[in-house]
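Structure first, then comments.
Because the structure is a prediction, the values reported are computed rather than measured.
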Amino acid sequence: METENLTNFKENETGFVVTITGPLHLKRRLLDLGFTQGTMVRIINISPLKNSFLLEIHGYIIALRQNAVQNIQMVRA
C-alpha cells in the first residue's frame, strides 16, 4: 500500500495513520490527540482554501490547520 499525505484526501474519505513527520513538538501534539499508527481518521470537512481540516478520530471531531495535517502520512481505507 502506498502512503499519502492527509492533505491529498477528500471530504468523507477515511484512512489509517501510518506515520507522523515534522518537528518534535508537533509530533507530540498529534500523538497526544490520538494520531497513532493504525488509527482510523475520517475527513469531515475541508475549508475552501484548504487551510483547515475537520477530522473525526476516536469518535471525536478535531479541527487542525494545514501545517499540522501535512505531517500526517496515511493509507486509504
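Here the side chains of Leu64 and Leu55 are in contact, with some heavy-atom distance below 4.5 Å. Between Thr3 and Thr19, the closest side-chain pair of non-hydrogen atoms is not below 4.5 Å. Contact of the Ile44 side chain with the Glu11 side chain is not registered, since no non-hydrogen atoms from C-beta on lie closer than 4.5 Å. When side chains are defined from C-beta on, Ile20 does not count as touching Gln73, because their heavy atoms never get closer than 4.5 Å. Within the 4.5 Å cutoff, side-chain heavy atoms of Ile57 are placed close to those of Ile62. In this structure the side chain of Asn5 never reaches within 4.5 angstrom of the side chain of Ile72, judged on heavy atoms. Side-chain contact check for Leu6 versus Ile43: some heavy-atom pair is nearer than 4.5 Å.
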Apply the test side chain to side chain contact (heavy atoms under 4.5 Å, CB included) to residues Gln66 and Thr7: give CA-CA distance (whole Å), side-chain angles for both, the deciding distance (0.1 Å), then the verdict. CA-CA 7 Å; Gln66 189 223 9; Thr7 57; 4.1 Å; yes
Intermediate values then yes/no, side chain to side chain contact (heavy atoms under 4.5 Å, CB included), Phe16 and Thr39: CA-CA 5 Å; Phe16 296 94; Thr39 301; over 6 Å; no
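Val41 is not connected to Val18 by any chain of hydrophobic side-chain contacts under 4.5 Å among Ile, Leu, Val, Met, Phe, Trp and Tyr, and they are in different clusters. Using a 4.5 Å cut-off between side-chain heavy atoms of Ile, Leu, Val, Met, Phe, Trp and Tyr, with links allowed through other members, Val17 and Leu31 fall into different hydrophobic clusters.
Without hydrogens or angle criteria, Thr21 side chain to Asn71 main chain gives a donor-acceptor distance under 3.5 Å. Distance alone, capped at 3.5 Å, places no donor-acceptor pair between the Asn51 side chain and the Ser47 backbone.
By the 6.0 Å contact criterion, CZ on Arg42 is enclosed, its count of non-hydrogen atoms from other residues, nucleotides or ligands being greater than 12.
Nearest approach of Ala63 to Leu54, heavy atoms of both residues: CB-CD1, 3.9 Å.
Seen from the ring of Phe9, Arg76 counts as a face-on cation partner, given the 6.0 Å and 45° thresholds.
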